[in-house]
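Predicted, not measured: the structure shown is a model, and the values here were computed from it.
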Amino acid sequence: MRTRTLGHNLVVSAQGLGCMGMSEYYGPRDEDESIATIHRALDLGITFFDTADAYGPFTNEELVGRALAGRRDQVVIATKFGNQRAADGSRLGVNGRPEYVRSACDASLGRLGVDHIDLYYQHRVDPATPIEETVGAMAELVTAGKVRHLGLSEAAPATIRRAHAVHPITALQTEWSLWTRDPETDGVLATVRELGIGFVAYSPLGRGFLSGAIRSPEDLAGDDFRRFNPRFQGDNFTKNLQLVARVEEIAAAKGVTPSQLALAWVLAQGPDVVPIPGTKRRSYLEENAAADDIVLTAEELERIDEVLPPGSGAGDRYGDMAPVHR
């Protein structure tokens with residue numbers, strides 16, 4: 001797989017692997033298959049692995065650490081802090097206080113079984129703690145050798161600027177896909193490009209919706225969080241199925257799968273963009289990785305823009321949008 005550079009000097013595979021669903025949110029879990037999927041990703045040249053302390057909670061970092069044991073020098077590990085959770089899974093809110101930043105980092109290092117984190121994100125911005133204080137604490141982790149690069153997730157343009165003034169931000173992670181084109185219109189993409197910050201696109205397949213495999217909410221397991229996501233409910237779901245039909249039509253004409261078309265579109269947005277599709281199965285991983293070889297023509301990109309313009313997705317991305325883009 002080709003490589004791309006986030007910020008000025010963090011080289012990663014052109015696609016990463018989002019590991020969240022291996023431990024929580026997306027229905028049944030199979031740890032053996034998840035580890036096999038991570039190992040297959042390495043075989044395919046994927047070197048960029050994304051996790052967070054909140055996933056599980058905590059167990060996803062442990063799983064990723066076990067899967068990558070003995071391969072540390074071959075991979076870039078990204079994890080996050082800030083969505084604080086208790087051991088029983090209860091949610092304690094967003095925490096960006098300096099003392100918490102330090103303790104969360106140490107805990108993540110232990111679970112991952114590594115001596116440093118390549119890319120450490122603030123998962124969500126804490127409105128009660130000035131971003132300068134949070135990033136200042138993160139910068140101390142860089143000085144201590146515990147972290148190599150800093151990132152933000154779902155931060156607003158003004159916050160990104162303030163953070164970057166304290167310490168260089170290497171990557172900004174936000175949802176971006178054919179049905180979530182907000183970064184193109186809300187100033188986030190323009191801001192990170194002005195500042196030389198890389199863009200990591202999570203959920204580039206629309207949480208699996210753009211694959212065409214989800215035809216009804218009943219296709220999702222009872223504990224799958226997408227059942228409670230506004231985009232997967234009622235009239236929104238029906239309207240969004242129409243978007244999937246358009247993706248399927250263009251993909252068929254191209255001779256690729258809908259998932260591959262969706263990923264190829266994200267990859268075509270610029271060399272500073274790295275999608276991290278999540279999967280817990282080798283078969284889907286292999287399908288996604290093949291998108292690295294798909295080249296969309298200017299005419300195809302124009303056609304996609306015509307039928308899937310910014311704002312075409314129906315429904316909010318989360319039931320509570322308050323923590324997003326602070």
Side-chain angles (χ1 to χ4, degrees), residues 6-7 10 12 16-21 24-25 48-57 60-61 64 76-85 91-97 100-101 104-105 108 117-135 137-139 141-142 147-164 166-177 180 182-183 186-189 191-193 195 197-204 207 225 266 272-278 316-318 320-326:
L6 296 172
L10 180 58
V12 299
L17 177 60
C19 300
M20 179 185 77
E24 196 176 17
Y25 297 111
F48 186 33
F49 296 89
D50 184 272
T51 181
D53 59 3
Y55 303 159
N60 194 243
E61 287 183 324
V64 170
V76 174
I77 297 175
T79 192
K80 315 176 196 75
F81 74 91
N83 279 336
Q84 190 176 8
R85 298 180 69 180
R91 300 178 188 280
L92 305 178
V94 176
N95 191 341
R97 294 191 297 273
Y100 179 71
V101 174
C105 179
S108 288
I117 295 163
D118 297 295
L119 177 57
Y120 199 40
Y121 292 102
Q122 182 181 20
H123 207 160
R124 293 292 185 271
V125 175
D126 179 359
T129 304
I131 191 66
E132 291 82 0
E133 293 183 12
T134 302
V135 175
M138 295 169 72
L141 298 174
V142 176
V147 169
R148 297 283 171 83
H149 298 269
L150 303 186
L152 301 175
S153 180
E154 294 284 8
T159 304
I160 296 168
R161 291 182 185 281
R162 289 168 56 197
H164 194 65
V166 175
H167 186 281
I169 300 298
T170 294
L172 183 283
Q173 181 180 127
T174 292
E175 187 172 350
W176 195 14
S177 71
T180 300
D182 304 353
D186 61 13
V188 168
L189 184 60
T191 300
V192 298
R193 284 186 164 157
L195 299 174
I197 299 170
F199 194 109
V200 175
Y202 78 81
S203 295
R207 303 193 182 279
F225 103 105
V266 175
D272 56 344
V273 180
V274 177
I276 51 168
D316 285 337
R317 296 192 284 124
Y318 294 98
D320 178 10
M321 291 290 289
V324 174
H325 284 189
R326 285 172 170 161

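A donor-acceptor contact shorter than 3.5 Å links the side chain of R326 to the backbone of V125. Remark: the backbone N or O of G82 is not paired with any side-chain donor or acceptor of H123 at under 3.5 angstrom. Between the D272 side chain and the G198 main chain, no donor and acceptor come within less than 3.5 Å of each other. At distances below 3.5 Å, at least one donor-acceptor pair connects side-chain atoms of T134 with backbone N or O atoms of G96.
Put simply, CD1 on I169 and CG on L152 are 4.5 Å apart, with the number rounded to the nearest 0.5 Å. Atoms CG and CD1, from L172 and I197 in turn, are 6.5 Å apart once rounded to the nearest 0.5 Å. To the nearest 0.5 Å, atom CD of residue Q122 and atom OG1 of residue T159 are 9.0 Å apart. For the atom pair OH of Y55 and SG of C19, the computed distance is 9.5 Å after rounding to the nearest 0.5 Å. Separating the NZ atom in K80 from the CD1 atom in I117 is a distance of 11.5 Å, to the nearest 0.5 Å. Atom CG of residue D118 and atom CG of residue L6 lie 11.0 Å apart, to the nearest 0.5 angstrom.
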Could you go step by step and tell me if H325 and T174 meet the side-chain contact (heavy atoms from CB on, under 4.5 Å) rule? CA-CA 9 Å; H325 284 189; T174 292; 3.8 Å; yes

For R91 and N83: C-alpha separation, side-chain torsions, deciding distance, then whether side-chain contact (heavy atoms from CB on, under 4.5 Å) applies. CA-CA 8 Å; R91 300 178 188 280; N83 279 336; 5.9 Å; no

What's the verdict on side-chain contact (heavy atoms from CB on, under 4.5 Å) for D182 and E175, showing C-alpha distance, side-chain angles and the deciding distance? CA-CA 8 Å; D182 304 353; E175 187 172 350; over 6 Å; no

Evaluate the criterion side-chain contact (heavy atoms from CB on, under 4.5 Å) for residue pair T129 and Y100; output intermediate values, then yes/no. CA-CA 11 Å; T129 304; Y100 179 71; over 6 Å; no

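Looking at R97 and D126, no side-chain N of the basic residue comes within less than 4.0 Å of a carboxylate O on the acidic one, giving no salt bridge.
Nearest heavy-atom pair across E24 and G56 is OE1-N, 2.8 Å. When every heavy atom of W176 is checked against every heavy atom of V273, the shortest pair comes out as CZ3-CG2, 3.7 Å. P168 approaches L150 most closely through the heavy-atom pair O-CB, 4.1 Å. Residues V188 and A155 approach most closely at CG2-O, 3.9 Å, considering heavy atoms. When all heavy atoms of V274 and G16 are compared, the pair lying nearest together is CG1-N, 4.1 Å. Closest approach of H167 and A139 over heavy atoms only: CD2-CB, 3.7 Å.
A donor and an acceptor atom, one from each side chain of S108 and D53, are nowhere located under 3.5 Å apart.
When side chains are defined from C-beta on, T79 counts as touching Y120, because their heavy atoms get closer than 4.5 Å. Counting only heavy atoms from C-beta outward, the side chains of S203 and T180 never approach each other to under 4.5 Å.
Ring geometry for Y25 versus F225: interplanar angle over 60°, hence perpendicular rather than tilted (30 to 60°).
When each of M138, E154, H149, Q173 is tested with Y121 by the rule side chain to side chain contact (heavy atoms under 4.5 Å, CB included), just one qualifies, namely Q173.
With a 6.0 Å radius and a threshold of 12 heavy atoms from other residues, nucleotides or ligands, R85 has its CZ atom above the threshold.
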